[in-house]
Undergrad: 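Next up is a structure, given as structure tokens.
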Amino acid sequence: MTPQDLLRLHPFFAELSEQDGEAVLTRTRTRRVPAGHILFQEGDAGDGLYGILAGRVAFTVDSVQGKGLILNVLGPGEFFGEIALLDGKGRTATAVARDACELLFIARQEFMSFFGQRPEAMSRIIELLCARLRRSTEYIADTAFLDLPTRLAKQLVSLAHDDESPQEPALRISHAELAAMLGVSRERVSMQLAAWSDRGILDQGRGRLVVRDRQALQHVIANG
């Protein structure tokens, strides 16, 4: 994926003219990091916006007791860091490269300078933030009201939807990572995945899941 292709995917930049798009590119830089590299930690100053050209990035938060929760895992074509970018306050989560990554970065000062001269683009930014708020509200409600099978099914369907494969996507994710996303024990997740595997809903491998019957998971969600 090229930097030009990446910018066209983000609501902040998708409606820009070709000339403005080129102007944004002159303000960006690419960065390569190895797997396991910490891009920033929760509470760090919001220095800019990142886009993923290659690889995957995981986002985690830790409790006072040191228990980690994976909020999300993003891949090529996706951006992160918008909240701290806009308000200039601390990062809301820690970002860690799961693979060797190639990233596109635009510094906050460059971003604010560019969009400060284009107030019409701010409506796209407001739409994006509202969408993020809706997802956060849904996550809180799911945690409070849904049982584990329903929450796990929703997580798998969401990950499968993000995968570009039209059918039976192979998800590169471990039981421990799924458990951290849901805030439950790995054992509970493993037991539920084993039950679905026995029913032919999915196949399991080392750090890999293949969803065979997405409709069955949708049925779990509907009944939940």
Undergrad: Minimum heavy-atom separation for S197 to Q204, with atom names?
TA: CB-NE2, 3.6 Å
Undergrad: Show your working on side chain to side chain contact (heavy atoms under 4.5 Å, CB included) between R186 and V189 and close with a plain yes or no.
TA: CA-CA 5 Å; R186 182 187 61 79; V189 168; 5.6 Å; no
Undergrad: Determine, stepwise, if the pair L152 / L182 fulfils side chain to side chain contact (heavy atoms under 4.5 Å, CB included).
TA: CA-CA 7 Å; L152 181 56; L182 300 175; 3.8 Å; yes
Undergrad: I'd like to know if the side chain of E187 pairs up with that of H175 as donor and acceptor (distance under 3.5 Å, no hydrogens or angles considered).
TA: no
Undergrad: For the pair L159 and L178, evaluate side chain to side chain contact (heavy atoms under 4.5 Å, CB included) and give the outcome as yes or no after the intermediate values.
TA: CA-CA 10 Å; L159 292 170; L178 280 171; 4.1 Å; yes
Undergrad: What residues join I38 in its hydrophobic cluster, counting side-chain heavy atom gaps under 4.5 Å, either direct or through other members?
TA: V96
Undergrad: I want to check something: taking the side chain as every heavy atom from C-beta on, are D47 and R108 in contact at a cut-off of under 4.5 Å?
TA: no
Undergrad: Please examine the side chains of L193 and L156, heavy atoms only from C-beta on, and report whether any two atoms are closer than 4.5 Å.
TA: yes
Undergrad: Apply salt bridge (charged side-chain N to carboxylate O under 4.0 Å, His left out) to E42 and R91, showing your working.
TA: CA-CA 5 Å; E42 184 179 0; R91 296 289 187 183; over 6 Å; no
Undergrad: What closest approach, in Å, do V211 and L202 show between heavy atoms, and which atom pair accounts for it?
TA: CA-CB, 4.2 Å
Undergrad: Tell me every residue that passes ring pair (Phe, Tyr, Trp, His ring centres under 6.0 Å) with Y50, counting only those two or more places apart in sequence or in another chain.
TA: F40, F80, F105
Undergrad: For V220, is there any backbone N or O sitting under 3.5 Å from a side-chain donor or acceptor partner on N223?
TA: no
Undergrad: To the nearest 0.5 Å, tell me how far T28 OG1 sits from L49 CG.
TA: 10.5 Å
Undergrad: Tell me the closest heavy-atom pair linking R151 and V184, and the distance in Å.
TA: NH1-CG1, 4.1 Å
Undergrad: Closest heavy-atom contact between D213 and G200?
TA: CB-O, 4.4 Å
Undergrad: Is there a side-chain contact between L7 and V24, using heavy atoms and a 4.5 Å cut-off?
TA: yes
Undergrad: Count the heavy atoms of every other residue, nucleotide or ligand shown that sit under 6.0 Å from CD of Q109, and state whether that count exceeds 12.
TA: no
Undergrad: Nearest 0.5 Å, what's the CZ-CG distance between R29 and L103?
TA: 11.0 Å
Undergrad: What's the verdict on side chain to side chain contact (heavy atoms under 4.5 Å, CB included) for T94 and D62, showing C-alpha distance, side-chain angles and the deciding distance?
TA: CA-CA 9 Å; T94 296; D62 292 324; 5.5 Å; no
Undergrad: Nearest 0.5 angstrom please: Q41 CD to L39 CG, how far?
TA: 10.5 Å
Undergrad: List the atom of K89, the atom of A84, and the distance in Å for their closest heavy-atom pair.
TA: O-CB, 3.5 Å
Undergrad: Could you state the interatomic distance from CZ (F111) to CG (L86), rounded to the nearest 0.5 Å?
TA: 5.5 Å
Undergrad: For the pair R56 (side chain) and R98 (backbone), establish whether a donor and an acceptor sit closer than 3.5 Å, ignoring hydrogens and angles.
TA: no
Undergrad: I need the minimum non-hydrogen distance between P76 and L53, along with the two atoms involved.
TA: CB-O, 3.9 Å
Undergrad: Output yes when a side-chain donor or acceptor of T150 lies under 3.5 Å from a complementary backbone atom of L146, and no otherwise.
TA: no
Undergrad: Any non-hydrogen side-chain atom of Q218 less than 4.5 Å from a side-chain atom of V157?
TA: yes
Undergrad: Looking at OG1 of T92 and CD1 of I83, how far apart are the two atoms once the value is rounded to the nearest 0.5 Å?
TA: 4.5 Å
Undergrad: With rounding to the nearest 0.5 Å, note down the distance linking CZ in R212 to CG in L217.
TA: 13.0 Å
Undergrad: Among E177, R172, E78, M181, which residue satisfies the side chain to side chain contact (heavy atoms under 4.5 Å, CB included) criterion with V73?
TA: M181
Undergrad: Is a side-chain N or O of E110 found less than 3.5 angstrom from the main chain of A107, in a donor-acceptor match?
TA: no
Undergrad: Test of understanding: clusters of I, L, V, M, F, W, Y form through side-chain heavy atoms closer than 4.5 Å, transitively. Do M191 and W196 belong to the same one?
TA: no
